[in-house]
Amino acid sequence: MKYVLVTGGVVSGLGKGVTASSIGLLLKSCGLRVTSIKIDPYLNTDAGTMSPFEHGEVFVLDDGGEVDLDLGNYERFLDITLTRENNITTGKIYQSIIDKERKGDYLGKTVQVVPHITDEIQEWIERAAIIPVDGKEGPADVCVIELGGTIGDIESMPFIEALGQFSYRVGTGNFCLVHVSLVPVLSVVGEQKTKPTQHSVRGLRGLGLTPNILACRSTKALDDNVKEKLSQFCHVPAENIVTLYDVPNIWHIPLLLRDQKAHEAILKGLNLLGIAREPDLTEWTARTKNYDMLHDPVKIAMVGKYVGLTDSYLSVLKALLHASVHHRKKLVVEWVEASHLEDITAEEDPNTFKAAWNHLKGADGILVPGGFGDRGVQGKILAAKYARESNVPFLGICLGMQIAVIEYARSVLGLHNANSIEFDPKTSNPCVIFMPEGSKTHMGGTMRLGTRRTYLKVPDCKSAKLYGDATFVDERHRHRYEVNPDMISELEAAGMSFVGRDESGRRMEIVELPSHPFSIGVQFHPEFKSRPGKPSALFSGLIAASCGELDELLNKSSHVSKVVGSGISNGKATYNGHQNGSYFNALNGSLNGVCVNGNGVHH
């Protein structure tokens, strides 16, 4: 096994995740099998209990692991399926050590950071690296490891020490370190400054790690004299210093690395030059150029409570992007803070209220994503009502589906106090209830998580057609509340159609309004399985409906004889979460290239 470690220096937010994913793609294009590991030095066991404002979205894996959003980048870039073992946290390491200590595994010994913690980290890396993630048997050829945080952080010190020991343990030729750093350009003098990177590398070397390659973030390509200076002071060959300068969209990053021969430096450091082929990024290059040339906009209103931090909805944005590129449309996201649609905002801040509604009414389609808590719920209900009454394409995900059901019960059934137990525990018309198997005492890891099967009960519904006439689909979940099964007959009698259910038939998974051009709510999270070139079926449907191409898509999907699936059921194809892409097999890891607007602000 060969290992590539990606670290970061100077400041956070330089794009280590994008760099690590791009390196993985580049090595994969050289014919190598690649897997990924993300190390997060925080003490949480996983990302499941963190606020999106704190750490961005929580990405959910097939096995139910709640992990850092960078693992979503890896899956999308490399088209692989990772496990919870591929995300290492300080919490997991210490929990494992303490469990062993209590069992008596260290009987008679003093348990210390060195060697016990550092050994546990190294063993975890080796264990996770050999897990197959690409559908093939046997371990990958190369494991790309990203160390979260910045060199010098106190919380990452045990991992730095462990990785220093690990590089010595696996030996020269099996370990390559890529250090991502910042080369700022001071506006006063316009000169690229190398001192921050020099200090970062000096700190890294002082901790026992020596970089093989420097990946320097800057606003423009590094001058030759700057590279020579960095080479001299950082002890890195000039040809091993690459620039990750600002580009119009993030799909250019793997091409930047290839053009600067980064793959050759990595392959040389791993003794793979004679084994790997030249990188084949022909389709990637064409894809990137096509993406840059998209001009015809499709405008989607994203109605949520975390719109102040776009990373909170990163996978949703990626899924929208994959679908819009597939349909050759330029994605424009209108961010709508849900609470700004409510009457209380109209009283306190009329201008904000008006702007929010203008954004909503100016959109071609509306999406209400998942979330927790009661803030902004009334605004989401109003958005769902507007979409239903105005025949605007609507997609509700997780909470978004529950919102659609609550709105329908209030507006159509006349149950004005209909609500979710989450928001009003004493409601007399609970449309959404707490799942019986959920825990009310422990929050972490107690939701219904990971890939679960949904059976499509109505063959001619829009969802079934979008999924290629599949009889069931496997999608990822993350929820602890569900639509009340005791209200289903009443809701369906009033015009709703619960077309997808779990194996018991009592848990609602997909709801549609047959009389609406496109109104679908799903309990699962289809965004987690969307891939560039293989957009999620439901996101593809939303984009198609928003630009007037739904009928064409439904006719095409219903005649697809071969879909990406997990087998055959009752003579029909089954589906694992996304549509076959055609030309756009693109890979994405950033918001660059997506036009996102909100409350009059252009980001």
Side-chain angles (χ1 to χ4, degrees), residues 47-60 66 69 72 300-320 333-349 351-361 363 365-387 394-407 410 419-425 431-432 434 443 447 477-481 521-528 542 591 594 596-601 603:
T49 55
M50 292 190 198
S51 164
F53 283 127
E54 187 83 14
H55 208 68
E57 77 166 2
V58 177
F59 190 80
V60 180
E66 297 174 284
L69 57 82
I300 302 297
M302 183 94 77
V303 184
K305 61 183 289 188
Y306 310 117
V307 298
L309 180 66
T310 55
D311 273 1
S312 301
Y313 302 112
L314 187 62
S315 290
V316 176
L317 282 170
K318 300 307 179 194
L320 285 170
V333 177
E334 296 284 1
W335 294 102
V336 180
E337 169 66 55
S339 60
H340 291 172
L341 299 171
E342 299 173 359
D343 292 340
I344 189 170
T345 302
E347 298 172 5
E348 296 176 352
D349 192 346
N351 291 335
T352 298
F353 175 80
K354 183 179 179 181
W357 274 102
N358 286 342
H359 283 307
L360 186 74
K361 293 180 177 180
I366 296 173
L367 192 153
V368 178
F372 298 91
D374 60 358
R375 182 171 65 83
V377 164
Q378 184 58 33
K380 294 176 184 178
I381 291 173
L382 291 170
K385 182 177 183 179
Y386 169 77
F394 173 86
L395 177 61
I397 298 173
C398 196
L399 175 62
M401 169 190 171
Q402 298 169 8
I403 289 293
V405 172
I406 294 170
E407 187 280 319
R410 290 182 180 182
N419 215 329
S420 167
I421 293 294
E422 181 181 7
F423 314 131
D424 181 7
C431 293
V432 179
F434 191 85
M443 302 294 283
M447 286 187 276
H477 293 67
R478 185 176 183 250
H479 65 114
R480 55 169 52 93
Y481 294 88
V522 292
Q523 188 60 73
F524 48 80
H525 289 265
E527 69 269 24
F528 291 143
L542 175 65
L591 299 183
V594 181
V596 289
N597 302 328
N599 300 333
V601 179
H603 299 276

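Worth knowing before you read on, the calculation uses all heavy atoms, side chains too, and leaves out hydrogens, waters and symmetry mates. All residue numbers in this chain count up from 1 along the given sequence.
Using a 4.5 Å heavy-atom cutoff, the side chains of Asp349 and His340 are not in contact. Two residues are said to be in side-chain contact when any heavy atoms from C-beta on lie closer than 4.5 Å; Cys431 and Gln402 fail this criterion. At least one side-chain heavy atom of Met302 sits less than 4.5 Å from a side-chain heavy atom of Pro369.
Contacts of Leu360 classified as side-chain contact (heavy atoms from CB on, under 4.5 Å), with partners at least two apart in sequence or in another chain: Ala301, Val303, Leu341, Trp357, Ile366, Ala383, Tyr386. Under the salt bridge (Lys or Arg N to Asp or Glu O under 4.0 Å) criterion, Arg478 pairs with Glu66, sequence neighbours left out. Ser315 is linked by a side-chain hydrogen bond (donor to acceptor under 3.5 Å, both in side chains) to Glu57, Arg76, counting only residues two or more places apart in sequence or in another chain. Glu422 pairs by the side-chain hydrogen bond (donor to acceptor under 3.5 Å, both in side chains) definition with nothing, not counting sequence neighbours. Applying the side-chain contact (heavy atoms from CB on, under 4.5 Å) test to Asp424 and every residue at least two apart in sequence or in another chain returns Asn419, Lys426, Thr427. Remark: Ala404 engages Phe394 in a side-chain contact (heavy atoms from CB on, under 4.5 Å) (not counting sequence neighbours).
Atoms CD1 and CD, on Ile397 and Gln523 in that order, are 11.0 Å from each other to the nearest 0.5 Å. Here the CG atom belonging to Leu317 is positioned 4.0 Å from the CH2 atom belonging to Trp335, to the nearest 0.5 angstrom.
The two residues Leu309 and Pro52 come nearest to each other via the heavy atoms CD2-O, 3.1 Å. Minimum interatomic distance between His479 and Cys398 (heavy atoms only, all atoms of both residues): CB-SG, 3.8 Å. The two residues Tyr313 and Gly370 make their nearest non-hydrogen contact at CE2-O, 4.0 Å.
Between Arg375 and Glu337, at least one side-chain N (NZ, or NE/NH1/NH2) sits under 4.0 Å from a carboxylate O, which counts as a salt bridge.
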